[in-house]
Amino acid sequence: MTEFLQIVLDGLMTGVVYAALALALGVVFQGTGMLNLSQGELAVVAAYIAWACTQAGIPIWPAIAIAIVASAVLGAVIYHGVVRFVPPHREDSLMTLGVTLLLGLNAIVSMVWGTDPRAFPSPFGTWVANFGGLRLTSQQLGGVALVGATMLVMAVVFTRTTFGLRLRAVAQNPRSAAYLGLRSGLWLSAGWAAACAVGAVAGIVAAPTAGLSPAMMTVPLLMALAAANIGGISSRVGVVVGGLLIGLLTAIGGRYIPGLGGDLNVVFAFAAVIAVILVKPAGLFGRESVVRA
Amino acid sequence: MNQQKRIRGRVATIAVAAVAMLALAGCTPRAAAGDSAVADDAPIVIGASWPQSGPLGSVAPGLSGLEAAIAAANEAGGVDGHEITLVTADDAYDPSRLVENERKFVEQDGAIAVVNFGGISIAGREYLGQKNVMGVSMAGNSPLSDVEAFPMQRAFWPDVSWEAQLQGKWLTENKPDAVVGYIGFNNDLTESHLAGLAEQGIVPAQVAAVAPGTADLSAQISQFQAAGVDTVIFNIGAPTGGSTLAYMQQIGWKPTVLLSSTVSDFHTVINLAGPEAVKDAYSFEFFKDPSDPRYADDEVIAQYTADMEASGHDADVSNALALEGYGLGAALIDALSRAESYDSEGLLTAWDSFDSTENPMLRDGITLDASAHGRVVFQYQLSRFDGTSWTDEGDIQDVRDLGIVD
Amino acid sequence: MSLLEIQNLRARYGRVEVLHGVDLNVEEGSIVALLGANGAGKSTLLRAICRAVDTSGSCRFDGVDLSGRSTAAIAHLGIGHVPEGRGTFADFTVEENLRLGAVSRTRARSRRETDADLELVYETFPVLREFRRRQAGALSGGQAQMLAVARALLGRPRLLLVDEPSLGLAPLTARDLFDRFTGLRDEWALTVLLAEQNAKLSLTIADRAVLLSRGRVVHDGPSGDLATVDAVHADYLGASEFDLSHADARTKETR
Amino acid sequence: MSAQIAVPNRSDHREAVRPPSAPNGGPPVRPAAARVSFWLGVVAALLAAVVPFVVSDYDLFNLSRVAAVAIGVASLNLLTGFSGQVSLGQGAIFGIGGYAAMMSMRFIEMPAWAALLVAIAVGGVVGLVIGLPATRMGGFNLGLLTIVIAALFPVLLYRFSDFTGGQAGVTLSAPALPSPTEALTDAQWLYLVVLALLLATIAFLNRLVGRRTGRALSLIRAGRILAVSSGVDTHLVKLQLFVISSMIAAFGGAIFAFVLGLVVPESYPLIFSITILVASVVGGSRSWVGAILGAALVVYLPSITSSVIPGEASAYLAQLVFAVVLGVCVIVAPNGIAGGIRRLAIWMRRRSRARRSPRTAPTASPMPETTPDREEPR
């Protein structure tokens, strides 16, 4: 029983990173219709920036703040410099653009920082919390807290502020928003910036566990895609629940389903996703469109 | 009119496509394939197809080392007056690019040998066999020992299953009741490794074979602990090995740790895990790690460092893979210097006559020896990490003497 | 000086030109009905004023040249646009929709002023107050259209462009909506340019009528004149668009 | 936001108004002009057939690779370009075809042609299994399902290594398609066979989308409701297409395996599947010539850039250049290189005509091909 609970916990903690990355995917997808396959690589860039700052003698928390802000700027620049030139309904072109961004960013990271994995110090220290035979590392707890705080900030920003309202309006109907005087380019840039800031948190939370390397977020990206699907990419709650669920299912599948092991355990998680999609194409929390004709 | 336009556009497209295809062919004129025999003062060409980007981009320093060794040899006058030309190409760990590169080396550059890295070398064996060109791979994958079927293919690293047998033997002798957990990639290296352990009667209670890129093994570690594992064998490279060791250190779980030699160096594991996390781990080692402080005053390493810097590869000096690439280069030059003819056959014969040959990458007391397996390293030094450096435990062990290899 | 002066306005979708040089003036404080058959270019003209399509030619609002300005910038000058299909944000509540309308207020007004205007809107459209917390997507067609108009009002526009407001509405609902425009004009100091296929309905409130046919203005005059113009009979009124019941059967896509 | 996926965009409607086979196929409307294009095509094919007698075996190997990959890309074009389904798993099906063919030759000692048939059959079965759920999904969901298949394929190859040969894969001890005559080397013969198969595949696909299916397809792309109201069973047509596309992908994969002489798991990582999509989009997903151009780009560009760019970090600089080239293609020519070339040709033609008769000048302005899509304020 303890083992089961521990594996559940471990799975959920792993899922936290997926959740944050999935949220970033969702924000970009809603705004620009782009399944941004470079989201993981953007998170890697953020983690490297934070690391480079610590190497330059900046304490870890300011370094993280710098990385988040830099990522937001990078996101806005990428939207403004590249993405906006592809029409939003060209799903295939946008996906290809994501791939080229992924390759390009990967190349840049590899050139600037090399491909050797590097140790990224946990900003939360190295203690362990034990309770009832279960344990959580400071990194796991801190990761949950940081991602949770990010989600909370995003939720408040999106639903409680004029900024969020306008952002969502542009994402939902750019033409209407323009008639109201909202400059959609500006607001979609802002959406990309917000997404990349969230992605940066994912990268920074993943880095101490995974070790900093250019390919660090490849697997998490795949999982985040699944998370976005299972929860419904249109729902901010959905992607977060989806991320946790994927982490959980992967851990449980690998442990308790014979023959899956540590590589095919994703099959279990993905099978769940596909089952959900077939029953509810918009995902668990996704809404079908409520537009009335 | 619209239709007409469209059709004209179509015509133009086809025409341009045709021209493009011709242009893309690069248009190497069709000529008699270059004879691989080398004229008196012509350079000796060796091709190196190496992952410099892609999923194994982190092994690129191996190529730097190879380049440094060849450059140093050329600086010293080459082999019997022949300069050695090293032609390199990135294969991004993609077999089709590897084969493409090998074809280019053989057909266009007139290479007498092709060097490459990792399991995908298997993809090129057939072609090299057809062309009678020697191939040397820096890889421990068991299939590469199949010299009978692929007589032109050699491997520079020992077979992973040998080291697995040493580990198994060591466990049987020192920790007969060990509950073993194994962590490796989900590929044939793991299979070979487990087969080697089984040969010595060790069957891990828990096996975590994970996909490359998986880094968070907390759930697997929980599973290991719950199963009572007290000995963990790592045959997994960066970043998984290092981050898992760091995690184990953090949660205060200290089983006996055995690291495979190729994943026991500072760059791959120790820098990432932190030296404390690797403390008291064991490894059967055959190559030196230039990052290990114990080699700070080593003459051979000093020479290696000088050669790396002279060829502009300063950045990779501390990487063990660079030293291994350097060792591979030194072995090739050594063989060439003893070759009777500077072609594939001559090089292969010389390679197959290594006999207690020294090599800069090898631990003191270990030498290169030819064998029927197409491999050249058989000796290992059991080492323990003392928190700063790998220290020797006992004598050098030779898998041939132990009956692991005949 | 007219509030809106349009000269030789052309607009195209891709390579297809839809407006072939339109001239039109709209006087301050008037309601101008833009009539024409389906595909005549009414909606395109409204979009062209807002530069939401590929446009050339001159268009001046209150003496300000609109060319080279973005759609959003034009909204900030004081032109409100109620697009065809209403363009409300279905996932947002009614009040959120309305507050989004205040984005383009010409001068930075205080929140209190916005709130006051919101109150004013709620007085004009009590049903919106009733449903203020409800999702816009859940409103009926008529309510959604009211929301769209009300939202545009919150931007305090001087010129309101309304595109096919009767589309998809039951005849009585449409009538009710149209009856409000005159009041709105006076209360909010508006000028209204109303593109509408339903000529009968719009002529009841318009001061002037402009008839578009195949991207050109074929008639421009006081709304009372329209029925006597030959071109109207030939090109437009001969069709059954005068028939109110037919208006509901139209199945144009709504967004 | 799901509406964004399901509800077709306005510009899609506009696209649907064009004849269904706009780019390169379709029923010939103007016989004379069509004949010109047909003969030019023949000339191009003949030129391609002359190549083996001019260039080296090494170049032929690469050209054969391009041709084999082009078949895979063309199969994806059928899905993406002609029925609007974006699949990221085509590389895995390509690999399955390769494995099916190689294993039937290696273990059952089938002749090469029979192995190709086996590959096609296996591809069809796999296509059916994946297609049944896949065709019920749209956009994002389909993308995920297929990306998962692509990600799992190499894992499964390792997992069932007793069957697939694991890392060593499946190798043939002799060329799969040996030259039957002394006059041609194996490489020359292989190239000619692959070229012929590529052309046959394209001819088949062209017929397929030019006919009734093509019309049904353009309706499907335009939107489900429209198609349903026109009496098209969209699921069935989509499923048929998915299966056909999978069969062709597997066929291409088998040929690719023959060219390479082996199949190993590393040939089919996730990035390979993604590369096929990239080739399809960058080449032009609604053009068969585009499939060839796209395949040539992804096969040649990485090698060329990495051989041209010297220095320490050359591999990643090459990757960066590759990415930039692809990105520029996507932005500058949203309908692919083929679409871009076509547009350019039309523009040049119109300009020259405009110079001859100034009266038609207004139409001669170069319209960027995306204009219809740009009306959406961004």
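In what follows, every chain begins at residue 1, and chains take the letters A, B, ... in the order their sequences are listed. Everything numeric here is computed off the predicted structure, so don't read it as measured data.
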Nearest non-hydrogen partners of Val99(B) and Phe61(D), listed with the distance: CG1-CZ, 3.6 Å
Measure the spacing between CG of Asn187(B) and CG of Leu157(D) and express it to the nearest 0.5 Å. 12.5 Å
Which of the residues Ala211(B), Ser121(B), Pro212(B), Ser53(B) is involved in the greatest number of heavy-atom pairs with chain D at under 4.5 angstrom? Ser53(B)
Tyr182(B): partners by ring-ring contact (aromatic ring centres under 6.0 Å, His included), with sequence neighbours left out: His193(B)
So which residue, Val50(D), Asn62(D), Leu344(D), Val299(D), ends up with the most heavy-atom pairs under 4.5 Å with chain B? Asn62(D)
Can you list the residues of residues 85-93 of chain B that sit under 4.5 Å from chain D, counting heavy atoms only? Asp90(B), Tyr93(B)
For Ser56(D) and Glu107(B), which I'm curious about, is there any donor-acceptor pair between the side chains at under 3.5 Å? no
Separation between NZ of Lys104(B) and OG of Ser303(D), rounded to the nearest 0.5 Å: 10.0 Å
For chain B, find its close neighbours in residues 163-172 of chain D: heavy-atom separation under 4.5 Å, sorted by number, or none. Gln167(D), Ala168(D), Thr171(D), Leu172(D)
Glu100(B) side, atom CD; Tyr58(D) side, atom OH - distance, nearest 0.5 Å: 4.0 Å
So which of Leu98(B), Asn186(B), Thr190(B), Asp94(B) has the biggest tally of heavy-atom pairs under 4.5 Å with chain D? Asn186(B)
Asn141(B) versus chain D, heavy atoms under 4.5 Å apart: side chain, backbone, both or neither? side chain
Indicate the atoms forming the closest heavy-atom contact of Asp57(D) with Arg103(B), along with that distance. O-NH1, 4.4 Å
Residues in residues 256-272 of chain D near chain B [non-hydrogen atoms, under 4.5 Å]: Phe256(D), Leu260(D), Leu262(D), Val264(D), Glu266(D), Ser267(D)
State the CZ-CZ distance between Arg65(D) and Arg97(B), to the nearest 0.5 angstrom. 8.0 Å
